[in-house]
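Here the structure is laid out as structure tokens; the discussion comes afterwards.
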Amino acid sequence: GGRVPADVQAQCEAVCAEWCDIVDAAVRSADSQQRLISSSSGPLAEAEQWQRRSAILSSLQQQVKTKQCTATVSLLLAARSKVVQRWRAIEPVLQECAKVAEERASYLQSLKARFHALKEATTPVKMTKSALPQLIDAILKSKSTAALVQQHYIGVLMQRVSKQLARNCMSYLRL
């Protein structure tokens, strides 16, 4: 290390390594949660999941900006600690994941009323004449749709919509 006492540096390295573990776990957990959403889940579950992920990652971003965190990283930089390399590698991953989560949560929030209408459509006629066309129209008019198509996310969303349609039809047939 540099001019930093070894015991202080060791404590800061331990804290920073723990922060790296927490951020890494949150990013990986959020990714695996996305895959674990039931294959029969509709678009409302998708919206709720992205809202939760966005809140968790946003909270972590705020914690990274605290004086304690910035001071610890600055101290480790001054000490030329190797833990800083790991921190520098993981911090942009957190920023990118948080940005994606916020964009998707916001996008899905803008469609939430249409998702509710689709869920409440109890007959195939209501689904095909009203709820589905309104949802598709809202998706097409959204400025975010083009970017989400490039990220292959619209396909995932359409799978959720299809599952909701199938569930609605099954419920209708059971009546």
Side-chain angles (χ1 to χ4, degrees), residues 18-66 69 86-175:
E18 183 179 354
W19 291 340
C20 290
D21 292 342
I22 290 168
V23 169
D24 189 46
V27 168
R28 278 188 287 112
S29 167
D31 285 338
S32 63
Q33 280 177 353
Q34 180 62 28
R35 283 184 232 107
L36 292 177
I37 289 180
S38 170
S39 62
S40 63
S41 294
L44 284 170
E46 183 80 3
E48 290 165 9
Q49 187 276 335
W50 280 105
Q51 203 65 37
R52 280 190 304 276
R53 180 176 183 169
S54 179
I56 290 167
L57 296 176
S58 177
S59 175
L60 281 173
Q61 279 185 303
Q62 293 306 312
Q63 291 174 31
V64 163
K65 295 175 185 174
T66 63
C69 186
R86 182 171 175 218
W87 179 254
R88 283 185 169 163
I90 204 161
E91 194 177 16
V93 172
L94 171 61
Q95 304 305 325
E96 180 60 25
C97 289
K99 178 183 167 205
V100 168
E102 175 59 32
E103 288 171 353
R104 290 187 183 175
S106 177
Y107 178 73
L108 294 170
Q109 184 65 32
S110 74
L111 298 172
K112 212 164 188 180
R114 301 293 180 225
F115 296 154
H116 278 292
L118 181 64
K119 185 176 182 179
E120 302 301 318
T122 55
T123 68
V125 171
K126 285 182 184 175
M127 284 187 287
T128 57
K129 296 286 185 187
S130 177
L132 189 58
Q134 288 175 3
L135 175 59
I136 298 298
D137 189 52
I139 289 171
L140 292 174
K141 287 182 179 176
S142 174
K143 293 177 182 165
S144 302
T145 299
L148 293 171
V149 166
Q150 289 175 348
Q151 297 170 8
H152 306 289
Y153 180 68
I154 292 298
V156 171
L157 180 58
M158 289 293 98
Q159 286 176 343
R160 303 285 183 224
V161 169
S162 298
K163 299 293 183 179
Q164 185 68 57
L165 290 169
R167 236 186 348 270
N168 289 11
C169 288
M170 295 296 285
S171 293
Y172 177 76
L173 292 173
R174 284 189 215 126
L175 293 177

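We're numbering straight along the sequence, starting at 1. The analysis underlying the following values was restricted to heavy atoms, covering all of them including side chains, and did not include hydrogens, waters or symmetry mates.
Legend: residues meeting side-chain contact (heavy atoms from CB on, under 4.5 Å) with E120, ordered by chain and number and at least two apart, are absent. By the side-chain hydrogen bond (donor to acceptor under 3.5 Å, both in side chains) test, Q61 pairs with Q95, sequence neighbours left out. When the side-chain contact (heavy atoms from CB on, under 4.5 Å) test is applied to D24, the partners found at least two apart in sequence or on another chain are R28, I90. For S162, the side-chain hydrogen bond (donor to acceptor under 3.5 Å, both in side chains) test picks out no residue, with sequence neighbours left out. Residues that satisfy the salt bridge (charged side-chain N to carboxylate O under 4.0 Å, His left out) test with R114, not counting sequence neighbours, are absent from this structure. Every residue two or more places apart in sequence or in another chain was checked for a side-chain hydrogen bond (donor to acceptor under 3.5 Å, both in side chains) with S58, and none qualifies. Partners of K65 according to the salt bridge (charged side-chain N to carboxylate O under 4.0 Å, His left out) rule, which considers only residues two or more places apart in sequence or in another chain, do not exist here. P133 meets the side-chain contact (heavy atoms from CB on, under 4.5 Å) test with no other residue; sequence neighbours excluded. Every residue meeting the side-chain hydrogen bond (donor to acceptor under 3.5 Å, both in side chains) condition with E102, not counting sequence neighbours, appears here in chain and number order: S54. The side-chain contact (heavy atoms from CB on, under 4.5 Å) search around T145 returns Y107, I139, S142, V149, I154, not counting sequence neighbours.
Under the 3.5 Å distance criterion, with hydrogens and angles disregarded, no donor-acceptor pair is assigned to the side chains of Q49 and R52.
The side-chain heavy atoms of K163 and R160, taken from C-beta on, include no pair separated by under 4.5 Å. Between L111 and Q134, the closest side-chain pair of non-hydrogen atoms is not below 4.5 Å.
Residue pairs satisfying the salt bridge (charged side-chain N to carboxylate O under 4.0 Å, His left out) criterion with at least one member in residues 123-139, sequence neighbours excluded, are listed as follows: D137-K141.
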